[in-house]
Amino acid sequence: MHVQDDLVYLQDFPLFESWDFGHKHPAVSWHQLLPWGWWNILACWMGDGQFIDEAVVAVAALRTEMFPHLLAIQVCCDPAGVQGQGVRHTNVEVLNAHLRETFGANVGAQYRTDANRPEKREWAIQQISSAMTRLIRGRPALGIHPRCEVLVDGFEAGYVFDDRAVLLNSRLPNVRRPRKDGWYAHLQNTCEYFQMSFGGLDVPDKIADVDAGRD
């Protein structure tokens, strides 16, 4: 019931883009939050062995194809993208250079410095799960376009909690951790970053702009 092929981009409202970095399977998803309370996941992309400069080009082409009359965009990303060792530019720096060249100097990716902590990820998963259980005006609060095949499979059964025992010296022994399966987790993580950055509910600690580097 969450998969709906009539979901379309509405130009009157911002498009949200969320990135999960990585060379093996970089991933991006596109979202809209509508004033009626609906969260629509409109499209997604997952690469296969691309470096960030290649991924940016591929995503830009798909973005133009999917949203040809894009008026407003807000972007969030994996905070790991601000780290760089032995590279000239970090993932976030490459992404922001593209965003600002394309959309103007005021557009840049945001991130939460704590977004990959287990308790924050669990919070985001709970919020996403809650959206999937609510009906608003006769349809689920969370809708997803059928072209998002990997995301749909992940929501249905692919993205699961790790059933391995928690380490005895774990800082948070009661917090469940999703399985890092190398496939479903990438796009699911983009939804979690979106929820933490733009989901509209209070999350402890503020959001930082990647260039400011604030906690």
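Numbering of residues begins at 1 and proceeds along the displayed sequence.
- With contacts defined as side-chain heavy-atom distances shorter than 4.5 Å, the pair Gln32/Tyr9 qualifies.
- The hydrophobic cluster containing Val8 also contains Leu34, counting ILVMFWY residues as joined when their side-chain heavy atoms lie under 4.5 angstrom apart, directly or transitively.
- Looking at residues two or more places apart in sequence or on another chain, you find a ring pair (Phe, Tyr, Trp, His ring centres under 6.0 Å) between His25 and Trp183, His186.
- Between Trp123 and Gln195 the shortest side-chain heavy-atom distance falls below 4.5 Å.
- Shortest non-hydrogen contact noted between Ile73 and Glu17 is CD1-OE1, 3.7 Å.
- To the nearest 0.5 Å, atom OG of residue Ser197 and atom NE2 of residue His31 are 10.0 Å apart.
- Salt bridge annotation for Lys120-Asp114: present, with a cationic side-chain nitrogen under 4.0 angstrom from a carboxylate oxygen.
- Between Leu151 and Cys191 there is a side-chain heavy-atom pair separated by less than 4.5 Å.
- Side-chain contact between Val75 and Phe16 is absent, with no heavy-atom pair separated by less than 4.5 Å.
- Connection of Phe161 to Leu187 is established within a shared hydrophobic cluster, with ILVMFWY side chains joined at heavy-atom distances below 4.5 Å, either directly or through further cluster members.
- Side-chain contact, Ser18 with Thr190: no donor N or O sits under 3.5 Å from an acceptor N or O.
- In the model, Glu93 has no side-chain atom that pairs as donor or acceptor with a side-chain atom of Asn96 under 3.5 Å.
- The neighbour count for Gln11 CD, taken as heavy atoms of other residues, nucleotides or ligands under 6.0 Å away, is above 12.
- Two residues are said to be in side-chain contact when any heavy atoms from C-beta on lie closer than 4.5 Å; Pro26 and Met46 fail this criterion.
- The side-chain hydrogen bond (donor to acceptor under 3.5 Å, both in side chains) test applied to Ser130 returns Arg134, not counting sequence neighbours.
- Every pair tested for ring-ring contact (aromatic ring centres under 6.0 Å, His included) that includes a residue from residues 124-144 fails, sequence neighbours excluded, so the list is empty.
- Rounding to the nearest 0.5 Å places NE2 of His69 at 9.5 Å from CG of Leu71.
- Nearest heavy atoms, Cys77 versus Tyr111: O-CB, 3.6 Å.
- When side chains are defined from C-beta on, Pro35 counts as touching Phe13, because their heavy atoms get closer than 4.5 Å.
- Separation of atoms CG (Leu15) and CG (Leu33) is listed at 10.5 Å; rounding is to 0.5 Å.
- Between Phe194 and the choices Trp19, Trp30, Trp39, the ring-ring contact (aromatic ring centres under 6.0 Å, His included) rule is met once, by Trp39.
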Let me check something: any side-chain donor-acceptor pairs from residues 49-62 under 3.5 Å, sequence neighbours excluded? List them with distances.
{"unit_1": "Gln50", "atom_1": "OE1", "unit_2": "Asp48", "atom_2": "N", "d": "2.5"}
{"unit_1": "Glu54", "atom_1": "OE1", "unit_2": "Phe51", "atom_2": "N", "d": "2.9"}

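- In this structure, CD in Gln188 is found 10.5 Å from CZ in Arg121, a value given to the nearest 0.5 Å.
- In this structure the side chain of Pro79 reaches within 4.5 angstrom of the side chain of Asn116, judged on heavy atoms.
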Derivation and outcome, side chain to side chain contact (heavy atoms under 4.5 Å, CB included), residues Tyr159 and Ile125: CA-CA 11 Å; Tyr159 189 53; Ile125 291 171; 4.1 Å; yes
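- Taken to the nearest 0.5 Å, the CG atom of Leu42 stands 10.0 Å off from the OG atom of Ser29.
- Aromatic ring pairs are classed by plane angle as parallel below 30°, tilted from 30° to 60° and perpendicular above 60°; the pair Phe103 and His98 is perpendicular.
- Summarising the geometry, atom CZ belonging to Arg117 is positioned 11.0 Å from atom CE belonging to Met196; distances are rounded to the nearest 0.5 Å.
- Within the 4.5 Å cutoff, the side chain of Phe21 has heavy atoms near those of the Val92 side chain.
- Trp45 meets the ring pair (Phe, Tyr, Trp, His ring centres under 6.0 Å) test with no other residue; sequence neighbours excluded.
- The side-chain contact (heavy atoms from CB on, under 4.5 Å) test applied to Ile136 returns Trp38, Ala141, not counting sequence neighbours.
- The minimum heavy-atom distance between Val82 and Thr90, with the atom names listed, is O-CG2, 3.6 Å.
- Closest non-hydrogen pair, His2 versus Leu142, comes out as CD2-O, 3.2 Å.
- The two residues Lys180 and Asn189 make their nearest non-hydrogen contact at NZ-OD1, 3.3 Å.
- Heavy atoms only, all atoms of each residue included: His89 and Val94 are closest at CB-CG2, 3.9 Å.
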